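Following: one structure in structure tokens, then a few remarks.
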Amino acid sequence: MPPPDAAADWTIPQRWDAYTPQHHARWRFLYDRQLRLLSGRAVPEFLEGVRLLDMGEGVPDFARLSERLAKRTGWHVVAVPGLVPEDVFFHHLAHRRFPAGTFLRGPHELDYLEAPDVFHDVFGHVPLLTHPVFADYLQAYGQGGLRSIRFGALDKLARLYWYTVEFGLIATPEGLRIYGAGILSSAGESRYALESPIPRRLAFDLERVMRTPYRIDSFQDLYFVIASFDDLLERTLRTDFAPLYARLEALPDLSVTDLLPTDRIIEAGRTGAASGHPTCSPALLPN
């Protein structure tokens, strides 16, 4: 059941007028800091989305933001009271509505936040929804999520969202770039994801991703790298998930420290096979 102040689809009024000058100043600090960090780190399509949506003055009004977004790709931003049930979340995505929380992190939470806030949800996620292919991918994910409920495979599908929409990297001719919102909205992980020698970075493989649990309490130990948004969408649309779910049920989960012979490791903007085959340019990352 939705909370008493929410509609049947768990949406609530944003109450934009309730944000104080301090809230808007805190948003501007986070926004300006992230844009400085993301220059040369974020995928260009994200930075173009930030420019198109023009969210730098303060916490965005979802109604006005949705007007600009809908003109590009037909998506809208709807306010929700924090995390919502999986079926509600999938239903919104399937109908091109992105659910966003309304609270903004406090002054003591600028560098670490336990639960996603409006900055994560809007700054991290919404700019890429101006990109037609990524917008189609997120809708396809929502549609697939609704179908997955009857297979009891929500945990497997959640991993796909985590390793793409939240913590995905993409190979470009200029090197690896960030497109996952969990990285894009984090000052620390914006540097760590691309520059730290600690995490593994593997070429995206759908089954591999869905066999790999994730952690939510620290920077990631593993990132998956897609070749392009077009390739990610194509893989999603052409996969019959019913037999994939059945196959995954018979396979053990993989630790983030496991390395399979078929894994392609990506190091410092280059890619190679786990067995030590010669490296190649990210632009030639196999589809």
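In this text the structure is predicted, and so the values were computed from the model without any measurement. Only this structure's heavy atoms are used, side chains among them; waters, hydrogens and symmetry mates stay out.
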Aromatic rings [X] and [Y]: how do their planes relate, parallel, tilted or perpendicular, breaks at 30° and 60°?
{"X": "Tyr141", "Y": "Tyr161", "result": "tilted"}
{"X": "Trp27", "Y": "Phe119", "result": "perpendicular"}
{"X": "Phe134", "Y": "Tyr179", "result": "perpendicular"}
{"X": "Phe224", "Y": "Tyr163", "result": "perpendicular"}

Find the distance between [atom1] ([X]) and [atom2] ([Y]) and round it off to the nearest 0.5 Å.
{"X": "Ser228", "Y": "Glu45", "atom1": "OG", "atom2": "CD", "answer": "9.5 Å"}
{"X": "Leu138", "Y": "Leu128", "atom1": "CG", "atom2": "CG", "answer": "10.0 Å"}
{"X": "Arg64", "Y": "Asp54", "atom1": "CZ", "atom2": "CG", "answer": "12.0 Å"}

With the 4.5 Å side-chain cut-off for hydrophobic clustering, are [X] and [Y] part of the same group?
{"X": "Leu35", "Y": "Met55", "answer": "yes"}
{"X": "Ile216", "Y": "Leu83", "answer": "no"}
{"X": "Ile198", "Y": "Leu169", "answer": "yes"}

[X] and [Y] ion-paired at < 4.0 Å:
{"X": "Asp231", "Y": "Arg235", "result": "yes"}
{"X": "Arg159", "Y": "Asp253", "result": "yes"}
{"X": "Glu234", "Y": "Arg238", "result": "yes"}
{"X": "Arg96", "Y": "Asp136", "result": "yes"}

Using a distance-only test with no angle check, is there a side-chain donor-acceptor pair under 3.5 angstrom linking [X] and [Y]?
{"X": "Asp9", "Y": "Thr11", "value": "yes"}
{"X": "Arg208", "Y": "Thr212", "value": "yes"}
{"X": "Gln220", "Y": "Trp162", "value": "yes"}
{"X": "Glu48", "Y": "Thr130", "value": "no"}

Does the separation of the ring centres of Tyr214 and Tyr223 fall below 6.0 angstrom?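 No, the ring of Tyr214 stays outside the 6.0 Å limit from the ring of Tyr223, centre to centre.
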Compute the ring centroids of Trp16 and His23, then answer whether they are less than 6.0 Å apart.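 No, too far apart.
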Count the heavy atoms of every other residue, nucleotide or ligand shown that sit under 6.0 Å from CZ of Arg68, and state whether that count exceeds 12. yes
Look at the side chain of Gln34 and the backbone N and O of Leu184, then say whether any donor-acceptor pair between them is shorter than 3.5 Å. yes
